[in-house]
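Comments concern the structure below.
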Amino acid sequence: MNKILCKVFFHLTDVRLTVYLFVFAFFQLFFVLIATPNENLFQEIPKKKMVSKLKGLAFATIRTSIIKSYSFTEPKEIRYVPCQTGFLSLPGDFPCSLLTWDDEAVFVDNKNSAFDSANTETESPDLEQNIEDALGGVVTVHFSKVKSPNIGGEVLRLGEDEDKLILFYEKEGHLSHYTFQNQVVIFRWKSFETAKKLDGVTIFKLDGNSFPLVGWESSRLNP
């Protein structure tokens, strides 16, 4: 009888141990997946390629811009248009309307001419609301009093505290990179005859001194 009870006890113990190990492995996998960018769109950069990737992105220049302290001016309201469903899932609440910076296009005070014309001709509140929805919502950004060092473009802050994005623009208005918490998101642009096109995105997780710990990159884009 004792032998039977012992066998039952050890069998139950093995079952419980198997269940515990399965649950532990599941949660380990779960946290790995949510802690990294979407593996279907981003590929982790191998450690042996990190140095060449950083040089190719001129990371020293990027790091100089993100470790600098900035003083931001009074708030401005701008258009907020979220990215399309097929676009990359990026850190923070990033709107694709800020991929490029154009004062006339993003400031709320500068109404879209098509909107003004349609509203004047029809005087329809429903049409006005539909066009406003198509243009996106409205958010508040703060401008830095100084330009980004070595890059020379505008520096903006979107949001507050831990949820804030600090965005750094090139002189011609294309978004160079932005920071969110302990990550920097870098945009790679390709020049064509008449314009630049977004060619890829690289994300680095940073240590306390803003040096990269690990990185991911993607070239699959659909803004």
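Only a predicted model underlies this, so the values are computations on that prediction, with no experimental measurement involved.
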Hey, can you pull the donor-acceptor pairs under 3.5 Å for the side chains in residues 168-176, sequence neighbours left out?
residue: Tyr169; atom: OH; partner: Leu98; partner atom: O; Å: 2.6
residue: Glu170; atom: OE1; partner: Lys196; partner atom: NZ; Å: 3.2
residue: Glu172; atom: OE2; partner: Lys196; partner atom: NZ; Å: 2.7

Side-chain donor-acceptor distances from residues 54-63 under 3.5 Å, at least two apart:
residue: Arg63; atom: NE; partner: Asn209; partner atom: O; Å: 3.1
residue: Arg63; atom: NH2; partner: Asn209; partner atom: O; Å: 2.9

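Screening Glu160, Lys76, Glu74 against His142 for a side chain to side chain contact (heavy atoms under 4.5 Å, CB included) leaves a single residue, Glu160.
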**Request:** Go through the steps to decide whether Lys145 and Tyr70 satisfy the test side-chain contact (heavy atoms from CB on, under 4.5 Å), and finish with yes or no.
**Result:** CA-CA 7 Å; Lys145 294 181 178 179; Tyr70 297 92; over 6 Å; no
**Message:** Let's go through Ile78 and Val139 carefully: what are the C-alpha distance in whole Å and the side-chain angles of both, what is the deciding distance for side-chain contact (heavy atoms from CB on, under 4.5 Å) to 0.1 Å, and is it a yes or a no?
**Reply:** CA-CA 6 Å; Ile78 64 168; Val139 292; 3.8 Å; yes
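Here the two rings, on Phe72 and Phe143, have centers that are 6.0 Å apart or farther.
Of all heavy-atom pairs between Phe42 and Ser89, the closest is CE1-O, 4.1 Å. Taking every heavy atom of both residues into account, Ser148 and Ser65 meet most closely at OG-CB, 3.4 Å. The two atoms that bring Tyr80 and Asp93 nearest to each other are OH-OD1, 2.7 Å, heavy atoms only.
Rounded to the nearest 0.5 Å, atoms CD (Gln84) and SG (Cys96) are 7.5 Å apart. Annotation: the span from Leu88 atom CG to Cys83 atom SG amounts to 8.5 Å, rounded to 0.5 Å. Rounded to the nearest 0.5 angstrom, Thr202 OG1 and Ile45 CD1 are separated by 5.5 Å. A distance of 9.0 Å separates CG in Leu156 from CD1 in Ile166, rounded to the nearest 0.5 Å. If you take CZ on Arg157 and NZ on Lys164, they are separated by 7.5 Å, rounding to the nearest 0.5 Å. Going from atom OG of Ser210 over to atom NZ of Lys68 covers 14.0 Å, rounded to the nearest 0.5 Å.
Counting only heavy atoms from C-beta outward, the side chains of Leu158 and Pro95 approach each other to under 4.5 Å. Looking at heavy atoms from C-beta onward, Ile151 lies in side-chain contact with His177 at the 4.5 angstrom threshold. Between Trp189 and Leu198 there is a side-chain heavy-atom pair separated by less than 4.5 Å. By the 4.5 Å heavy-atom criterion applied to side chains, Phe204 and Leu213 are not counted as neighbours. Counting only heavy atoms from C-beta outward, the side chains of Val201 and Glu217 never approach each other to under 4.5 Å.
Transitive grouping of hydrophobic side chains (ILVMFWY, heavy atoms separated by less than 4.5 Å) brings Val141 and Leu99 into a common cluster. Both Phe180 and Phe87 are members of a single hydrophobic cluster when ILVMFWY side chains are connected at heavy-atom separations under 4.5 Å. Hydrophobic clustering (side-chain heavy atoms under 4.5 Å, transitive across Ile, Leu, Val, Met, Phe, Trp, Tyr) groups Met50 together with Leu206. With hydrophobic clusters built from ILVMFWY side chains whose heavy atoms lie under 4.5 angstrom apart, Val214 shares a cluster with Ile203. No path of Ile, Leu, Val, Met, Phe, Trp and Tyr side chains, each step under 4.5 Å between heavy atoms, connects Ile66 with Tyr178, placing them in separate hydrophobic clusters.
Between the side chain of Gln181 and the backbone N or O of Glu162, at least one donor-acceptor pair lies under 3.5 Å. Put simply, the side chain of Ser97 gets close to the backbone of Val81: a donor and an acceptor are under 3.5 Å apart.
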